[in-house]
Amino acid sequence: MSLSTQIREVARADLVVERRTGDTFRIVLPFAVVTLIIFSLAMGGEVAVLRNVGPAVFWAISILFGMQLALRTAALESPTRRDLMALLGLDPAARFLGRTAASALIIVAFMAILFLTMVLFFAPELPMGWVGPQAAALFLTAIGLAALSTLAGEVAAGTRSRTSLASLIVAPLVIPVILGGSQILEAMERNSGILIWILLLITTDLALLVAGVGLSRPLEEASR
């Protein structure tokens with residue numbers, strides 16, 4: 001079985017599990033939407049304030065919940081399933097990339113719905129031509145979150161407090177992803193270039209993907 005086929009099968013299996021459990025869109029997403037609405041109510045309903053803080057609130061909630069989504073997916077993998085994948089000869093790099101791809105797709109859908117909710121309740125003044133750059137920001141941010149959280153889950157695999165340890169690993173390393181994603185709209189509003197922020201996201205994503213692929217086999221052996 002080729003590497004690309006293995007990646008697709010791992011991603012498909014994770015998406016099937018997500019579809020059957022429905023945790024993201026039945027539990028996490030409604031809770032995130034309610035959190036967004038609470039923020040808008042807590043600010044007193046002043047239109048000017050809401051328009052200014054809307055994108056910042058969106059990114060804060062998206063990063064927090066998106067990170068937890070990816071960490072939850074990594075935490076669901078049991079030692080038995082890992083052993084089964086190893087016995088089947090699954091390439092550790094394929095497992096990492098497949099899990100990252102599945103998590104990224106889930107996070108993209110999650111962030112897109114949350115962004116539309118933010119536009120509805122905060123009514124921010126979005127700059128001209130914002131759709132393409134914002135879509136790119138969501139996509140690249142989702143890849144970064146998914147790759148980082150999957151890698152953190154692999155590092156913490158086999159430990160008793162793997163969920164807590166993975167969160168501690170992700171928290172400081174997610175800063176470049178936050179900066180790259182959140183500053184794109186800000187730069188467009190100031191009529192300044194967004195290329196530096198796009199490049200920051202792309203560089204961060206590539207670095208995380210390369211690190212995840214390179215460390216996948218040693219981490220798998222260390223977790224046994």
Side-chain angles (χ1 to χ4, degrees), residues 22-73 103-149 152 163 166-194 196-202 204-205 208:
D23 289 346
T24 298
F25 299 103
R26 289 190 308 196
I27 300 175
V28 180
L29 180 60
F31 188 56
V33 169
V34 169
T35 304
L36 195 67
I37 295 172
I38 289 174
F39 265 98
S40 66
L41 295 176
M43 292 172 187
E46 295 185 15
V47 176
V49 175
L50 293 177
R51 286 181 175 177
N52 288 331
V53 303
V57 172
F58 160 75
W59 281 108
I61 296 175
S62 294
I63 295 295
L64 177 63
F65 283 92
M67 184 173 63
Q68 295 305 315
L69 281 175
L71 287 173
R72 181 191 60 81
T73 301
S103 296
L105 289 174
I106 294 170
I107 294 173
V108 164
F110 169 82
M111 293 179 70
I113 296 173
L114 196 63
F115 184 82
L116 294 176
T117 305
M118 183 274 294
V119 171
L120 178 63
F121 283 93
F122 287 81
E125 295 182 357
L126 299 172
M128 294 285 293
W130 63 271
V131 177
Q134 183 62 34
L138 293 183
F139 181 72
L140 293 172
T141 300
I143 293 176
L145 280 177
L148 178 56
S149 299
T163 302
S167 298
L168 290 175
I169 295 172
V170 169
L173 298 178
V174 79
I175 293 175
V177 178
I178 298 174
L179 287 175
S182 62
Q183 290 301 309
I184 289 178
L185 279 182
E186 292 285 337
M188 293 183 68
E189 290 176 356
R190 297 192 302 266
N191 291 321
S192 58
I194 64 171
I196 185 174
W197 304 113
I198 294 290
L199 290 177
L200 175 62
L201 284 173
I202 292 175
T204 303
D205 291 354
L208 290 170

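- Distance CG/L50 to CG/L41: 9.0 Å, rounded to 0.5 Å.
- For the residue pair P127 and M188, the shortest heavy atom distance occurs at CG-CB, 3.6 Å.
- Residue S103 holds its OG atom at 11.5 Å from CG of L148, rounded to the nearest 0.5 Å.
- Expressed to the nearest 0.5 Å, how far OG1 of T24 lies from CD1 of I106 amounts to 5.0 Å.
- The CD1 atom of I194 sits 13.0 Å away from atom CG of L200, with the distance rounded to the nearest 0.5 Å.
- Rounding to the nearest 0.5 Å places CD1 of I184 at 9.5 Å from CH2 of W197.
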Pair T35-L64, side-chain contact (heavy atoms from CB on, under 4.5 Å): steps then yes or no: CA-CA 11 Å; T35 304; L64 177 63; over 6 Å; no

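- Taking the side chain as every heavy atom from C-beta outward, L208 and L173 never approach each other to under 4.5 Å.
- Looking at F65, F139, W59 one by one, the single match for side-chain contact (heavy atoms from CB on, under 4.5 Å) with M111 turns out to be W59.
- Ring geometry for F115 against F58 counts as perpendicular: the plane angle is over 60°, on a 0 to 90° scale with 30° as the lower cut.
- The minimum heavy-atom distance between I37 and S40, with the atom names listed, is O-OG, 2.5 Å.
- Dense packing is recorded around CZ of F25, with more than 12 heavy atoms of other residues, nucleotides or ligands lying under 6.0 Å away.
- Closest approach of M118 and P124 over heavy atoms only: SD-CG, 3.6 Å.
- Counting heavy atoms from C-beta outward, Q183 and R190 have side chains that approach closer than 4.5 Å.
- In this structure, I61 and F39 have side chains that are in contact, with non-hydrogen atoms separated by less than 4.5 Å.
- Between L36 and V57, the closest heavy-atom pair is CD1-CG1, 3.6 Å.
- With T141 contributing its side chain and L138 its backbone, the two residues share no donor-acceptor pair below 3.5 Å.
- Residues G193 and I196 approach most closely at O-CG2, 4.3 Å, considering heavy atoms.
- Note that the CZ atom of F122 and the OG1 atom of T117 stand 10.5 Å from one another [nearest 0.5 Å].
- S62 and L145 get closest at one heavy-atom pair: O-CD1, 4.4 Å.
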